[in-house]
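Just so we're clear, the structure is a prediction, and the values are computed from it rather than from any experiment.
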Amino acid sequence: MSDLLLSEDRDRVRTLTLNRPDQLNAFNQALYVALAEALRAADEDPEVAVVLLTGTGRAFSAGTDLVEMKETATGAGEDSGDGSSHGFIGLLDSLVAFSKPLVVAVNGLGLGIGATLLGYADLVFASTAARFKTPFTTLGVAPEAASSFLFPRLIGRQNAAWMLMSGEWVGAEEAQQMGLVWRVTEPDELLAVAWRHAATLAARPISSLVAVKETMTAPLRAGIEAARELENAKFAELLGGPANIEALVAFAEGREPDFTRLPPGA
């Protein structure tokens with residue numbers, strides 16, 4: 001297992017920990033690939049019943065590494081045609097296909113994919129320090145990870161509209177009220193509480209857990225696929241456009257983007 005992603009097995013629960021704390025566990029291509037491969041390996045391992053996913057440091061994940069994104073902003077969405085986004089695609093494919101319970105313990109900030117991957121979780125626990133943000137409009141791009149399909153079903157249309165359109169922060173308690181989070185705990189209790197629930201599931205027959213999850217998720221797969229296709233098209237249309245360039249330049253310069261100076265309609 002890569003140092004970017006830590007792994008520990010106990011009582012049929014595999015804990016995977018995002019481990020780029022200095023970068024707030026932002027996903028570069030290597031971390032996308034590492035987590036995708038780890039999910040596939042856990043799915044295929046007959047000794048693993050449940051995966052528990054969390055992060056090190058003060059963030060769960062700050063989303064896609066914007067420094068790397070700026071370097072590869074060549075006008076495409078999930079797949080730029082040169083393979084640079086393969087890791088992102090692979091992670092989404094692994095999340096869609098993952099057949100066992102996925103428990104997520106959000107220890108801190110969850111931005112972008114750090115929030116949208118919760119649409120694929122079966123149980124989400126959050127620290128009181130957790131905050132969530134889907135910064136698509138503040139980056140001048142479109143949603144990702146089928147969040148435009150999964151979030152309205154998970155948290156309701158208006159909550160989803162606010163999260164996906166505003167790019168504003170949502171705290172742990174508000175996220176619980178919405179239905180994005182199942183339980184909120186104090187920071188020092190988070191992993192113990194999440195692991196205890198994961199272990200409860202892991203004590204059940206794996207075959208039955210897989211059957212329950214399949215009956216819950218199979219009806220969603222066509223919608224997820226259609227949403228990803230549309231999101232990719234819109235992302236490709238916007239990535240590298242005036243709003244996205246302004247957002248990335250502003251990030252690099254350490255300032256807030258100013259979208260009021262963009263061409264009309266941009």
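Using a 3.5 Å distance cut-off with no hydrogens or angles, the side chains of Glu144 and Thr116 do pair a donor with an acceptor. Remark: the Asn19 side chain and the Thr17 side chain contain no N/O donor-acceptor pair separated by less than 3.5 Å. Side-chain atoms of Ser148 and Glu231 form a donor-acceptor pair, as typed in the model, at a separation below 3.5 Å.
When side chains are defined from C-beta on, Leu150 counts as touching Tyr120, because their heavy atoms get closer than 4.5 Å. No side-chain heavy atom of Phe149 sits less than 4.5 Å from a side-chain heavy atom of Arg228. The shortest side-chain heavy-atom distance between Leu102 and Val104 falls under the 4.5 Å cut-off. Annotation: side chain of Leu53 is in contact with side chain of Leu117 (closest heavy-atom distance under 4.5 Å). With contacts defined as side-chain heavy-atom distances shorter than 4.5 Å, the pair Leu180/Leu154 qualifies. When side chains are defined from C-beta on, Leu191 counts as touching Thr54, because their heavy atoms get closer than 4.5 Å. Looking at heavy atoms from C-beta onward, Leu52 lies out of side-chain contact with Leu16 at the 4.5 angstrom threshold. Taking the side chain as every heavy atom from C-beta outward, Val106 and Phe125 never approach each other to under 4.5 Å.
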Steps toward salt bridge (charged side-chain N to carboxylate O under 4.0 Å, His left out) verdict (Arg255, Glu246): CA-CA 10 Å; Arg255 61 174 175 83; Glu246 165 61 14; 2.7 Å; yes
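The backbone N or O of Lys133 lies less than 3.5 Å from no partner atom in the side chain of Glu168, so there is not a single donor-acceptor pair. Not one N or O on the side chain of Ser61 forms a donor-acceptor pair closer than 3.5 Å with the backbone of Gly110. Checking side-chain atoms of Gln176 against main-chain N and O of Trp182 turns up a donor-acceptor pair under 3.5 Å. Side-chain atoms of Arg20 never come within 3.5 Å of backbone atoms of Leu4 as a donor-acceptor pair (strictly under, hydrogens ignored). Judged by distance alone, the side chain of Ser127 and the main-chain N or O of Glu186 form no donor-acceptor pair under 3.5 Å. Of the possible donor and acceptor atoms, one in the side chain of Lys213 sits under 3.5 Å from a partner among the backbone N and O of Lys100.
Within 6.0 Å of CZ on Arg58 lie no more than 12 heavy atoms contributed by other residues, nucleotides or ligands. The environment of Glu189 atom CD is dense: over 12 non-hydrogen atoms of other residues, nucleotides or ligands sit within 6.0 angstrom. Enclosure of atom CD in Gln158 is not indicated, since only 12 or fewer non-hydrogen atoms of other residues, nucleotides or ligands lie within 6.0 angstrom.
Listed by first and then second residue, the salt bridge (charged side-chain N to carboxylate O under 4.0 Å, His left out) pairs involving residues 33-47 are Arg14-Asp45 (not counting sequence neighbours).
Interatomic distance, Leu24 CG to Leu111 CG, rounded to the nearest 0.5 Å: 8.5 Å. Phe136 CZ to Ser147 OG: the interatomic distance, rounded to the nearest 0.5 Å, is 4.5 Å. Atom CG of Leu230 is separated from atom CZ of Phe235 by 13.5 Å, given to the nearest 0.5 angstrom. Residue Asp9 holds its CG atom at 8.0 Å from OG1 of Thr15, rounded to the nearest 0.5 Å. Taking CG from Asn107 and CG from Asp188, the interatomic distance works out to 13.0 Å, rounded to the nearest 0.5 Å. In this structure, Met163 CE and Glu174 CD are separated by 8.5 Å, a value rounded to the nearest 0.5 Å.
Aromatic ring centres of Phe132 and Trp169 lie farther apart than the 6.0 Å criterion allows.
When the side chains of ILVMFWY residues are joined at heavy-atom separations under 4.5 Å, either directly or via intervening members, Val50 and Leu123 end up in a single hydrophobic cluster. Taken together through direct or relayed side-chain contacts under 4.5 Å among Ile, Leu, Val, Met, Phe, Trp and Tyr, Val184 and Val103 form parts of separate hydrophobic clusters.
Residues Leu5 and Leu35 share a closest heavy-atom pair of CD2-CA, 3.7 Å.
Classified by interplanar angle (parallel below 30°, tilted 30° to 60°, perpendicular above 60°), the ring pair Phe88/Tyr32 is perpendicular.
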